[in-house]
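Everything on this sheet refers to the single structure shown next.
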Amino acid sequence: MDATTVTTWMREIETSVTQERDRLVQLDAAIGDGDHGTNMTRGFAAVVQALSQDQEAPPGRLLILAGRTLVSSVGGASGPLWGSALRSGGRVLGDQATFDGPQLVEVLAAALASVKDLGAASVGDKTMVDALEPAVAALGRTVGEGASLADALEAAAAAAEAGMRSTIPLQARKGRASYLGERSIGHQDPGATSTALMIRALQRAAAASS
Amino acid sequence: MDATTVTTWMREIETSVTQERDRLVQLDAAIGDGDHGTNMTRGFAAVVQALSQDQEAPPGRLLILAGRTLVSSVGGASGPLWGSALRSGGRVLGDQATFDGPQLVEVLAAALASVKDLGAASVGDKTMVDALEPAVAALGRTVGEGASLADALEAAAAAAEAGMRSTIPLQARKGRASYLGERSIGHQDPGATSTALMIRALQRAAAASS
Amino acid sequence: MAIQTKPRKFLNDPADVVKESLAGLAAAHGDLLRYDRAAQIIVCKDAPRAGKVALVSGGGSGHEPLHGGFVGRGMLDAACPGEVFTSPVPDQMLAATKAVDGGAGVVHIVKNYTGDVLNFKMAAEDAADDGIRVASVVIDDDVAVQDSLYTAGRRGVGATVLAEKIAGAAAEKGASLDKVADTVKRVNERARSFGVALSSCVPPASGKPIFELPEGEIELGIGIHGEPGRRRAALGSASEVVDVMVEAVISDLKARAGSQVLAFVNGMGGTPQLELYLLYGEVDRKLRAAGVVPVRNLVGSYITSLEMAGASLTVLQLDDELTELWDAPVHTPALRWGV
Amino acid sequence: MAIQTKPRKFLNDPADVVKESLAGLAAAHGDLLRYDRAAQIIVCKDAPRAGKVALVSGGGSGHEPLHGGFVGRGMLDAACPGEVFTSPVPDQMLAATKAVDGGAGVVHIVKNYTGDVLNFKMAAEDAADDGIRVASVVIDDDVAVQDSLYTAGRRGVGATVLAEKIAGAAAEKGASLDKVADTVKRVNERARSFGVALSSCVPPASGKPIFELPEGEIELGIGIHGEPGRRRAALGSASEVVDVMVEAVISDLKARAGSQVLAFVNGMGGTPQLELYLLYGEVDRKLRAAGVVPVRNLVGSYITSLEMAGASLTVLQLDDELTELWDAPVHTPALRWGV
Ligand SMILES: Nc1ncnc2c1ncn2[C@@H]1O[C@H](COP(=O)(O)OP(=O)(O)O)[C@@H](O)[C@H]1O
Ligand SMILES: Nc1ncnc2c1ncn2[C@@H]1O[C@H](COP(=O)(O)OP(=O)(O)O)[C@@H](O)[C@H]1O
Ligand SMILES: [Mg+2]
Ligand SMILES: [Mg+2]
Ligand SMILES: [Mg+2]
Ligand SMILES: [Mg+2]
């Protein structure tokens with residue numbers, strides 16, 4: 001994988017959150033403030049725009065740029081959380097031109113650590129962590145078992161999607177949904193939903209670049 | 001006819017406008033501000049209340065008291081208009097204890113003159129004048145022709161009701177409905193409607209006291 | 001009247017809404033005014049002030065802060081609130097006139113509605129009988145209404161707020177009864193207004209909207225009593241709506257190019273400030289394009305129609321005197337500066 | 001997102017609503033503030049003022065006049081407005097901090113929402129890198145939200161307005177960075193709020209209500225982002241609603257009997273003044289019955305949720321210092337006295 005993988009990933013995310021914007025807005029309207037779809041769309045449109053100006057940079061630099069762009073363009077909770085995540089992930093790669101499966105695991109692990117550090121959320125709090133943590137775990141496990149990158153990313157995306165669905169019965173303890181108390185139960189978390197879309201986008205991007 | 005006729009008339013009006021309150025409100029909402037039903041109900045409730053405190057007064061005094069009470073309790077356009085009308089009508093009777101058909105014609109003619117003086121409206125302007133003026137004319141004509149009071153008041157009430165219906169195709173030139181311009185066409189004037197109710201109430205009151 | 005609907009309102013008995021709201025106003029602003037419950041009027045706390053011309057206004061309730069919120073120093077001396085959208089009765093106006101007369105006379109500021117005009121007329125006659133000098137001035141600034149000898153004429157809307165402020169300042173400075181009345185007249189002659197609605201309001205008594213406006217439509221040329229406007233049109237962009245408002249007002253005002261004006265963007269009660277300032281941005285730009293210069297402005301919900309979504313524009317052609325009086329100190333619940 | 005509905009709003013392109021509204025605010029109040037379109041911030045006209053501690057706040061838009069309407073003398077030095085209901089980004093806060101720092105440091109007043117907290121945190125780190133002293137204080141006064149170590153904690157609502165006014169006065173009087181930050185903290189610690197909604201608001205971007213509230217029901221314990229509340233109940237009388245609000249606030253405040261308080265009855269944007277003052281009357285009476293004395297008050301729509309019909313109550317336990325700072329002069333578009 002290389003810089004193109006990252007650019008493709010970001011483009012795939014943009015396409016995906018734009019397509020799903022209405023649904024993300026509705027999920028957020030039910031237990032939050034109804035802006036998650038527009039936040040993600042605005043953010044990743046800005047990321048794709050920023051990356052298109054920088055054709056030469058190595059993949060780590062592109063991730064850092066993507067993270068910075070999210071921080072500067074999203075606002076809300078998801079902006080700093082995903083912004084820091086991508087920046088931390090990008091730093092793992094330094095200036096290297098390519099990266100492999102185990103390195104991708106490190107990138108995503110750093111991203112997860114950054115989200116948890118900033119947001120102080122754990123699995124079960126009904127946040128993006130509920131999708132991201134199982135995805136990183138599945139990726140690490142399958143890559144460690146020597147699976148192909150395609151298989152490993154399929155496992156990661158499936159784990160993110162399962163994690164996303166797991167948020168439905170939970171009562172939120174972090175983010176806006178926590179203000180609803182018990183009324184947050186029975187709704188799928190919007191941030192976990194967009195996280196699943198992002199991991200699925202990564203799976204497609206990696207498939208395209210192999 | 002005597003003081004009881006006046007008291008009964010006012011009570012009949014109160015019953016009638018209370019029953020028709022919703023419809024008067026709706027008529028006024030369509031081309032005015034939706035308060036004519038509550039205005040008339042509030043006003044005649046106050047009149048009935050005031051008259052019940054004054055059992056001894058002659059009919060002219062009762063009409064003056066009714067008029068004053070309307071002025072003090074209704075507000076809006078209808079309060080001063082009907083208030084002055086009843087006061088002017090009452091003054092015609094002075095302190096006499098009873099009155100006959102021709103005197104009733106004078107009372108209502110004075111009331112009409114007062115409304116027209118204060119409101120500067122003529123027949124065709126889509127106001128209460130469109131119901132009151134034909135009623136007074138019909139009463140004058142039939143009484144002049146020597147009809148029974150019952151017949152004369154039936155003619156007056158029918159004329160008021162015809163006048164009320166005649167307002168439907170008119171474009172308003174006075175009152176709030178005039179602000180609507182052509183959009184006032186096709187609606188029945190609320191003040192003409194309550195006026196028809198009032199003349200009908202007079203017909204019933206006279207029938208009861210004969 | 002059978003109330004099937006439960007309106008989305010904070011109410012106890014709907015029949016008491018005006019009285020209870022006035023009591024709350026007085027509880028909140030006891031330093032400025034008092035509520036005379038028997039007479040059903042709001043009176044400036046230090047009224048009557050000997051030698052000062054007093055200003056009284058009034059009208060139906062539902063237009064808050066008009067008029068009770070403008071009682072205080074440098075504006076109204078008393079307000080007579082009627083039931084919701086119903087003119088007050090002469091007894092209120094007479095009581096208010098007596099309560100504030102400091103010997104220099106009382107100006108009645110009357111919005112041009114048949115009910116207001118007739119009730120204030122009766123009160124002025126009664127006051128004259130009691131030996132109080134009263135000068136009545138009728139406000140009729142709404143260009144949406146055609147004026148003619150044979151009609152009720154134009155409605156009084158936004159210019160009322162400006163007239164109360166400006167004439168209040170004149171009275172505060174010691175102007176005579178004639179001069180204060182003349183100031184009200186001058187504001188009225190130099191001001192024009194036009195309003196639009198995006199929704200009906202819901203009077204507390206009926207609990208029902210006065211009219212139904214289909215989605216995507218706008219009422220043009222509305223007044224302040226929840227009544228429908230002169231015509232209904234497709235709802236355009238804010239820029240297009242402001243085009244209509246500015247054109248209506250400016251074409252009627254016939255101000256000389258370069259005239260200095262006060263631009264008053266008024267919310268009807270249910271329009272958020274986010275939108276009012278967006279409108280003001282458009283108004284400011286389009287007035288300049290139309291050749292007049294907004295050197296003063298007022299943006300907010302000052303003469304309302306309960307919770308109606310909508311806005312009105314009032315443009316007042318200033319001169320040095322009016323500008324100075326506008327800038328003079330005022331201290332009321334709803335307008336305050338310089339103190 | 002496909003917009004099927006045409007919202008009842010004055011809008012051009014919904015994506016531009018915040019920018020256009022800020023431009024209008026600046027056009028109307030050019031004597032007080034300016035709009036930096038590139039940085040997307042509102043800045044006090046005479047900022048930076050050497051030696052004065054500066055106050056910066058910000059948050060999602062849709063809460064107007066919060067925060068841009070509170071920029072001026074004696075309150076905020078700059079405001080950072082995000083998109084509607086979306087926290088601004090650190091770049092805005094950093095630009096604002098740099099624009100207003102007069103060498104004495106900058107206080108960030110942050111409402112407790114994950115997004116606001118995280119974005120302000122990043123901005124404060126960046127400002128520190130640039131050598132600017134920043135003290136951040138988080139406001140979390142909403143008693144409708146349960147507070148615990150494991151949750152996001154309480155929301156920041158009405159106390160924000162009071163903290164901005166009171167701490168702004170402290171800064172104006174020359175207080176140090178620590179002292180101003182401490183004043184914000186003291187206001188937050190001594191204030192409690194509770195909000196209710198009678199309707200949803202309609203965000204401009206979607207043009208649709210966030211939730212549907214059946215007729216005759218009320219949302220209890222709402223915030224300011226159009227979100228539903230803690231629970232839904234049958235809509236009672238105004239008196240019953242105020243019972244709930246006063247009980248929620250007072251039981252949590254634990255004020256000593258006879259305490260002097262500031263009572264702030266806030267409209268959510270779509271509730272007419274007629275009802276707000278009716279509510280204030282109830283609040284005043286019930287607070288006294290509960291043993292505290294409202295010696296100051298604020299009644300109006302100051303921290304809103306677009307056109308939501310609803311209201312919130314904030315009670316601040318005063319002391320001599322806070323009372324004096326509340327009374328000190330302020331001159332902003334939305335709050336003004338003493339100047
Ligand atoms: N403390 C937190 N840690 C991790 N994720 C969080 C946290 N708070 C909120 N989130 C995530 O952010 C999502 C909401 O994002 P968004 O709607 O864009 O921001 P906002 O809540 O500020 O409107 C939630 O669905 C949740 O997944
Ligand atoms: N100038 C006028 N002359 C005669 N009648 C009038 C005049 N103006 C209004 N009216 C009558 O008053 C009625 C409205 O009364 P009402 O609704 O009680 O008062 P308001 O119009 O002040 O709300 C109209 O339907 C009309 O019949
Ligand atoms: Mg959100
Ligand atoms: Mg009417
Ligand atoms: Mg009326
Ligand atoms: Mg948000």
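Proteins come first, then strands; the chains are lettered A, B, ... in the order of their sequence lines, and each starts at number 1.
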inquiry  = Between C:L213 and D:R8, is the side-chain contact (heavy atoms from CB on, under 4.5 Å) condition met? List the steps.
reply    = CA-CA 10 Å; C:L213 188 57; D:R8 298 176 188 280; 3.8 Å; yes
Below 3.5 Å, can you tabulate the donor-acceptor pairs from side chains in residues 16-25 of chain D to any protein atom, sequence neighbours excluded?
from	atom 1	to	atom 2	distance (Å)
D:E20	OE1	D:N12	ND2	2.8
D:S21	OG	C:L274	O	2.7

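- Using a 4.5 Å cut-off between heavy atoms, D:V283 makes no contact with chain C at all.
- For the 3.5 Å distance criterion, the side chains of D:Y277 and C:H29 qualify, holding a donor opposite an acceptor.
- In terms of heavy-atom pairs under 4.5 Å with chain C, the best-connected choice from D:L235, D:D31, D:T271, D:I218 is D:L235.
- Heavy atoms closer than 4.5 Å to chain C are found nowhere in D:T304, neither backbone nor side chain.
- Of the listed residues (D:V84, D:L279, D:D284, D:V241), the one with the most heavy-atom contacts under 4.5 Å to chain C is D:L279.
- Between chain C and the options D:A309, D:G338, D:G269, heavy-atom pairs under 4.5 Å are most frequent for D:G338.
- Closest approach of D:E307 to C:P272, counting heavy atoms only: CB-CD, 4.0 Å.
- Heavy atoms of D:A311 lying under 4.5 Å from chain C belong to its backbone as well as its side chain.
- Heavy-atom pairs under 4.5 Å with chain D peak, among C:P65, C:G281, C:A238, C:A26, at C:A238.
- The shortest distance between side-chain heavy atoms of C:F10 and D:V242 does not fall below 4.5 Å.
- Neither the backbone nor the side chain of D:P81 comes within contact range of chain C, judged by heavy atoms closer than 4.5 Å.
- When C:S305, C:G310, C:S61, C:G69 are compared by the number of non-hydrogen pairs under 4.5 Å with chain D, C:G310 comes out ahead.
- Partners of C:D243 by side-chain hydrogen bond (donor to acceptor under 3.5 Å, both in side chains), not counting sequence neighbours, listed by chain and number: C:K286.
- Interface remark: of the candidates D:L278, D:V196, D:N297, D:L298, D:L278 forms the most heavy-atom pairs closer than 4.5 Å to chain C.
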